[in-house]
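There's a structure below that I have some questions on.
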Protein chains: 2
Amino acid sequence: MADLLSVAKLAGVSRATAARAFSSPELVRPETRHKVLEAAHRLAFRPNNVARQLRAQTTKMIGVMVPSLDNPVFAEQLQAMEVAARASGYSLIVTTSEYDASRESEIVEEMLRQRVDGLVLTIADADRSEVLAKLHREVCPYLLVYNQPEAADIPTIGVDNRAAVAEATRHLIALGHHRIGMVAGSLLQSDRARLRYEGYRQAMCDHGLTPRPLIEMPRHTQAELACLEPELSGHDGLTAVICTNDLLAISLIGELQRSGRSVPGDLSVMGFDGINLGHCLYPSLSTVEQPRVEIGRSAVQILLAMIRGETPQPLPLPHALREGESVGAPPTSRQVLVTRNPQRNTP
Amino acid sequence: MADLLSVAKLAGVSRATAARAFSSPELVRPETRHKVLEAAHRLAFRPNNVARQLRAQTTKMIGVMVPSLDNPVFAEQLQAMEVAARASGYSLIVTTSEYDASRESEIVEEMLRQRVDGLVLTIADADRSEVLAKLHREVCPYLLVYNQPEAADIPTIGVDNRAAVAEATRHLIALGHHRIGMVAGSLLQSDRARLRYEGYRQAMCDHGLTPRPLIEMPRHTQAELACLEPELSGHDGLTAVICTNDLLAISLIGELQRSGRSVPGDLSVMGFDGINLGHCLYPSLSTVEQPRVEIGRSAVQILLAMIRGETPQPLPLPHALREGESVGAPPTSRQVLVTRNPQRNTP
DNA sequence: TTGTACGCGTTATCAA
DNA sequence: TTGATAACGCGTACAA
């Protein structure tokens, strides 16, 4: 690939002049500039960003790490980040950690070697992270997304998980539900999971209701009906559940329907995240919406401010309770058929 | 950030020796090596990849462009690519084009300036693309994904769209459907869309059935029931539709159910792509599965081979007809109530 | 307005 | 086994 020197030669000027024709065209005589651009065109010259980055000591690149792109909540946030970044002239290096702590470390190390100008990370557990310890010693600006660490000095953007789930719980209680459960994926060791459960527990207690133990599914985003079934029958069977993510909720609804149950007729199901797909389904998903687009956009803006040397104070973004068709009043029949087999539509 | 020279000084050796301690440790005396590593540690030295890239004239980076990450078919493919790339020591620069031709050009230009070692692209229309014209003149290895250009000399990986939809159509016909329609998103100008419709048309004709005009939705991934409704009633109302992507199919199913119709009771709905979520729903989505993970993995492998200077011949990957619950036999009642209002469950 | 010369941090070649 | 030196391609302070 042609370089500036060959362009300069062909144009009959020095390399410096050729360089200026690109970086500060106003400093070069129009006639000369034209000669340079003409030569560049003939040689199919394309500025070498790597050299420019080395020289300028800045890459205009942001390193992004998310747990997985198979979950739309991250893909949708990433989509927003990419648009925002490019609008500001930045590119994204994208990696996935699969919630693996050692991969998290390797990835961040690699991105630091790449001299990214900043990092946007979603880590497995912000309260027990080697990555954070490492970044603490570095000078590279970084920002967590979705995480909600206990330590106050870690820049983070996302919703208040505890308050969000508490609100969702109160919503169900207001509808008349008393026997509410919480369904989680297999990934327990996460700051968000702890806070979400805590929000549920708190809201239940505040209303004099008994919080149940977390119902844990073997996989992170796929519900297993067998794990839930024991909690559904009997005199204290659940009438509503809150899932820790939308994929879990959606697959749970599917499983319930396939088993002949009705949602929300037999069980109200609430999700968490607000992924786009939830709108489209029938019943549409009731969920706690994290403003994924705003989170992505704003993560980029805040990080860029940090890169400029400012010290913005990221605020929690507001969640929104999105009411859908998957949540309704508790079944009245249940109160009659208390200790016996609950009514079901067989398939 | 500390550089190699300062490490060398602290260790009391030359820069060359310090460099060797990292790149070819066996060439340096253990004692010396230890001194260097010790110094590097004390200075928190981290190799500068940018400098290395400039020197080595290779970035170990792959440029990736997809239309959007809001559609899981691309996010899931990207997830697979990222894993495969990192396993081979490559990083991904990820961009989204939003099916915009001018953005496509800018993005590719920017990635070429970044001196990526290769490109993996999904473009809007492989038969009318400035991007391909540009790449044709460049030396940068590239590979299309999902695209299916007419020109045979363009390296591509994906399924045979025509054959895939033809098979889906035959599947519906075999179930007894005669009045089958095809529902597309708003994005008509795409190589895939043309071939998929062509596959549908061909299969219909082969069985002596009349292909219908494409039913076009105002948005790409969200069905609008009003656009379909006219085709559902009357003596020749549709009994089955094939959607050009899964999101369209899923949202259509939702709309149909919300309007009191049953799927597949009143209308069989088939998707295209095979996104993970389709499994979880009830009814589960019948769809033509593109092997997204295999496509992503294999795109990286093939591109890396091209980067090594080989000339692999990418073969079409096999699609799979994934039978779900959203497709069944055509409603028998319809044959009785021919010219009158078809039976419906009111909500 | 243009040219000269240096440095960004690394690796590879050649000598010692 | 180690050291000196020259690139990689670009931007810019300084001089002309």
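Order of the sequence lines sets the chain letters (A, B, ...), proteins ahead of strands, with each chain counted from 1. Just the heavy atoms: all of them, side chains too, but no hydrogens, waters or symmetry mates, feed the values below.
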Most 5' of B:P30 and A:A51 on DNA chain D, judged by nearest nucleotide: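 Final value for this comparison: B:P30.
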Between C1' of D:dG11 and CZ of A:R15, the distance in whole Å: 10 Å
Presence of B:T17 side-chain N/O under 4.0 Å of D:dG3 phosphate oxygens OP1/OP2: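 Yes, B:T17 has a side-chain N/O under 4.0 Å of OP1/OP2 on D:dG3.
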Min side-chain heavy-atom separation B:T122-B:N147 under 4.5 Å: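 B:T122 vs B:N147: side chains touch.
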Rounded distance in Å - CZ (A:R20) to P (D:dA13): 11 Å
Length of the line joining B:Q53:CD and C:dT10:C1', which is rounded to integer Å: 11 Å
Touch class at under 4.0 angstrom, heavy-atom based, for A:V50 against every strand present: nothing
Electrostatic pair A:R46:B:E138 at N-O distance under 4.0 angstrom: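 A salt bridge links A:R46 with B:E138.
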Short side-chain N/O contact to D:dG9 OP1/OP2 from A:R52, under 4.0 Å: no
Rounded distance in Å - CG (A:L54) to P (C:dC6):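 Taking atom P of C:dC6 as the reference, CG of A:L54 is at 18 Å.
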Nearest-angstrom distance from the residue atom CG of B:L5 to C1' of D:dA4: 13 Å
A:I62 side chain reached by A:L304 side chain, heavy atoms, under 4.5 Å: yes
Distance, rounded to the nearest Å, where A:K9 contributes NZ and D:dG9 contributes C1': 13 Å
Sugar-phosphate only, base, or nothing, as touched by B:F22 at under 4.0 Å among non-hydrogen atoms: nothing
Nearest to side-chain heavy atoms of B:N48, which nucleotide of C:dT10, D:dC10, D:dG3: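 Looking only at side-chain atoms, B:N48 lies closest to C:dT10.
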Proximal nucleotide (of D:dG11, C:dA12, D:dT1) relative to the B:R29 side chain: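 Among D:dG11, C:dA12, D:dT1, the one nearest the side chain of B:R29 is D:dT1.
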Flag side-chain contact, heavy atom, 4.5 Å: B:M81 against B:V64: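 Yes - at least one pair of side-chain heavy atoms lies under 4.5 Å apart.
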Sole residue of A:L303, A:L143, A:T156 in side chain to side chain contact (heavy atoms under 4.5 Å, CB included) with A:P314: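 The passing option is A:L143.
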Distance-only donor-acceptor test (3.5 Å): side chain B:R55, base C:dA12: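 No, no donor-acceptor pair under 3.5 Å.
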Nearest to side-chain heavy atoms of A:T32, which nucleotide of D:dT2, D:dA6, C:dT2: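 It is C:dT2.
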Of the listed nucleotides D:dA4, C:dT10, D:dC10, the one nearest the side chain of A:L4: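 Nearest listed nucleotide: D:dC10.
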Distance in angstrom units between B:R113 CZ and D:dC10 C1', rounded: 13 Å
Between P of C:dT11 and CG of B:N49, the distance in whole Å: 9 Å
